[in-house]
Amino acid sequence: MTPTRVLVLNSGSSSLKYQLLDMRDGSRLAVGLVERIGEQTSRLRHTPLATGATREQSGPIADHETALKSVAEELARDGLGLDSPELAAIGHRVVHGGMFFTEPTVIDDSVLTEIERLIPVAPLHNPANLTGIRTAMALRPDLPQVAVFDTAFHTSMPESAARYAIDPKIADRYRIRRYGFHGTSHAYVSRETARLLGKAPEEVNVIVLHLGNGASASAVERGRCVDTSMGLTPLEGLVMGTRSGDLDPAVIFHLARVGGMSMDEIDTLLNKRSGLFGLCGDNDMREIRRRVDEGDEAAALAFDIYIHRIKKYIGAYYAVLGHVDAVAFTAGVGENAAAVRSAAVAGLTGLGLAVDEELNAVRGGEPRLISPADARVAVAVVPTDEELEIAEQTYALVGPGTGKDG
């Protein structure tokens with residue numbers, strides 16, 4: 001029997017998301033989520049796609065090892081267990097790969113060591129990713145395990161885009177540069193946008209707007225990222241749900257010196273109490289739009305600031321690319337908020353950008369164009385699929401016939 005299944009794991013500090021896919025056609029066999037790991041109120045939600053009937057478990061799940069064992073038990077109930085000979089590999093989302101990892105990588109001790117060395121630049125994410133990897137390796141030490149890095153797609157940026165204008169010796173010593181994040185999404189969406197246009201990725205330039213609670217933009221030139229909005233950390237760039245995005249660095253000094261705030265307090269302010277939430281008390285775009293429609297001034301200003309930042313990045317990346325074939329909206333807000341898409345390109349007809357409001361209002365789960373038929377630049381809605389991207393990269397690396405399986 002040729003193994004064709006890939007289990008994709010996304011391990012957070014207190015959560016474990018997973019999907020099992022069959023790589024013969026990219027179909028999902030099961031999806032699930034373990035929440036609040038380490039608490040008394042842990043919950044596991046598991047859905048086998050054959051039936052679509054979700055099963056839930058509630059109660060304490062002490063750690064990631066216990067969580068993954070519970071997931072394995074749920075999969076086994078559906079005949080999809082981790083001991084199945086049809087399981088080819090496990091693919092892991094790893095947030096930060098620095099400049100060392102530029103592509104999917106089979107995990108061994110040296111890879112684990114390097115991911116651990118990158119913890120100082122990803123203190124919230126890489127430790128959780130490592131926990132998930134080590135847990136999976138302990139359960140299936142015989143199975144190929146692959147790390148797919150959020151930063152990898154952005155390693156093609158030229159130094160002129162990736163370098164900050166600070167002393168290079170200091171920058172190199174502390175690994176300070178623009179790394180970018182959401183790379184699996186930007187890679188998938190830019191490629192799918194090209195397909196939507198009937199072209200190869202190498203034939204088009206695309207601006208990708210990944211708009212979720214976390215948000216980022218990228219300039220993709222002929223299939224390669226040449227600039228992106230997030231930097232050393234995911235704090236830089238667009239206005240996000242709870243993150244400020246771009247900010248004068250001197251604000252931090254001012255808050256410390258004049259406001260008497262500690263570094264931890266400033267960190268919490270900028271990452272967890274800023275962005276849309278900091279501006280109007282909500283980080284759910286649906287609620288913000290409801291408030292805007294009711295005449296709420298704080299919500300309206302928050303929305304305007306959010307849109308203004310997106311427009312600035314569209315213009316900046318248009319200049320970086322020189323020629324743009326498409327602007328693609330993706331992720332939770334980008335895929336579902338027609339008002340955001342319409343506002344983001346309003347007034348940009350000089351750049352060849354416009355939306356057809358009837359097309360823009362249509363909801364659907366497939367990639368689609370929302371620009372007028374005669375538009376100079378296509379505007380697209382392209383649902384992202386990071387799990388499929390991770391599974392495809394994993395299977396391409398270690399699946400049967402690659403010489404690296406087993």
Side-chain angles (χ1 to χ4, degrees), residues 3-13 15-23 32 34 37 63-69 71-72 75 80-155 175 179-185 187-188 386-406:
T4 60
R5 297 174 182 170
V6 173
L7 178 64
V8 175
L9 297 180
N10 183 351
S11 182
S13 58
S15 66
L16 180 66
K17 298 178 184 178
Y18 63 94
Q19 292 193 12
L20 182 66
L21 298 94
D22 189 327
M23 301 318 297
V34 186
I37 296 172
D63 50 35
H64 284 75
E65 181 178 1
T66 305
L68 189 52
K69 286 180 178 177
V71 169
L75 289 169
L80 305 170
L82 294 189
D83 58 351
S84 170
E86 295 183 67
L87 187 61
I90 298 178
H92 298 266
R93 179 197 181 213
V94 179
V95 168
H96 216 309
M99 292 302 293
F100 190 84
F101 297 109
T102 61
E103 56 189 18
T105 305
V106 177
I107 300 170
D108 57 20
D109 288 343
S110 64
V111 172
L112 290 173
T113 298
E114 186 61 25
I115 295 173
E116 192 164 18
R117 286 185 62 227
L118 287 162
I119 286 176
V121 290
L124 299 179
H125 299 98
N126 275 29
N129 300 155
L130 280 167
T131 298
I133 291 170
R134 287 175 171 141
T135 300
M137 292 179 78
L139 290 179
R140 282 299 307 268
D142 59 312
L143 198 67
Q145 315 244 352
V146 173
V148 178
F149 299 90
D150 272 12
T151 51
F153 183 63
H154 303 304
T155 58
R175 301 187 179 199
Y179 291 104
F181 299 89
H182 296 144
T184 51
S185 177
Y188 177 85
E386 293 174 271
E387 290 78 14
L388 178 59
E389 181 73 10
I390 291 170
E392 287 181 340
Q393 291 190 25
T394 297
Y395 197 68
L397 186 62
V398 300
T402 64
K404 298 182 182 180
D405 52 302

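Position 1 is the first residue of the sequence; numbering continues from there.
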Worksheet entry | Audit row: Y179, M99, side chain to side chain contact (heavy atoms under 4.5 Å, CB included) steps and yes/no | CA-CA 8 Å; Y179 291 104; M99 292 302 293; 4.1 Å; yes

Practice prompt. Applying side chain to side chain contact (heavy atoms under 4.5 Å, CB included), run through Q393 and V146 and close with a yes or a no.
Written response: CA-CA 9 Å; Q393 291 190 25; V146 173; over 6 Å; no

Worksheet item: When you look at R175 and H96, which way does the side chain to side chain contact (heavy atoms under 4.5 Å, CB included) test go after all the steps?
Response: CA-CA 12 Å; R175 301 187 179 199; H96 216 309; over 6 Å; no

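The nearest pair of heavy atoms linking V6 to G91 is CG1-N, 4.1 Å. Across all their heavy atoms, A187 and E389 have their closest contact at CB-OE2, 4.0 Å. Taking both residues in full, the closest heavy atoms of A128 and G12 are given as CB-C, 3.2 Å, listed atom of the first, atom of the second, then distance. Across all non-hydrogen atoms, the minimal contact from A88 to Y395 is CB-CE1, 3.8 Å. Here the closest heavy-atom approach between residue E65 and residue T135 is recorded as CA-CG2, 3.2 Å. Across all non-hydrogen atoms, the minimal contact from P104 to L397 is O-CD2, 3.6 Å.
Between E386 and V8 the shortest side-chain heavy-atom distance does not fall below 4.5 Å. Contact of the L75 side chain with the L20 side chain is registered, since non-hydrogen atoms from C-beta on lie closer than 4.5 Å. Within the 4.5 Å cutoff, side-chain heavy atoms of M137 are placed close to those of L112. Residues I107 and H92 meet the side-chain proximity criterion, which asks for heavy atoms closer than 4.5 Å. At least one side-chain heavy atom of F149 sits less than 4.5 Å from a side-chain heavy atom of T105. Side-chain contact between L9 and V71 is absent, with no heavy-atom pair separated by less than 4.5 Å. V94 is listed as a side-chain neighbour of I133, based on a closest heavy-atom distance under 4.5 Å. The side-chain heavy atoms of I37 and H64, taken from C-beta on, include a pair separated by under 4.5 Å.
A distance of 8.0 Å separates CZ of R5 from CG of L87, quoted to the nearest 0.5 Å. Between the CG atom in D142 and the CD atom in Q145 there is a gap of 9.0 Å [rounded to 0.5 Å]. Rounded to the nearest 0.5 Å, atoms CG (D63) and OG1 (T131) are 9.5 Å apart. Taken from CG in N10 to CZ in R93, the straight-line distance is 5.0 Å, to the nearest 0.5 Å. To the nearest 0.5 Å, atom CD1 of residue I390 and atom OG1 of residue T184 are 5.0 Å apart. Taking CG of D150 as the start and NE2 of H125 as the end, the distance is 8.5 Å to the nearest 0.5 Å.
Counting heavy-atom neighbours within 6.0 Å of D108 CG, excluding the residue itself, gives a total above 12.
Taking the side chain to side chain donor-acceptor pair (under 3.5 Å) definition, one finds that E387 meets it with nothing, sequence neighbours left out. Under the rule for a side chain to side chain donor-acceptor pair (under 3.5 Å), N126 has no partner lying at least two apart in sequence or in another chain.
Looking only at distances, a side-chain donor or acceptor of H154 sits under 3.5 Å from a matching main-chain atom of F181. Side-chain atoms of T151 come within 3.5 Å of backbone atoms of G97 as a donor-acceptor pair (strictly under, hydrogens ignored). In terms of modelled atom types and a separation under 3.5 Å, the side chain of N129 and the main chain of S11 share a donor-acceptor contact.
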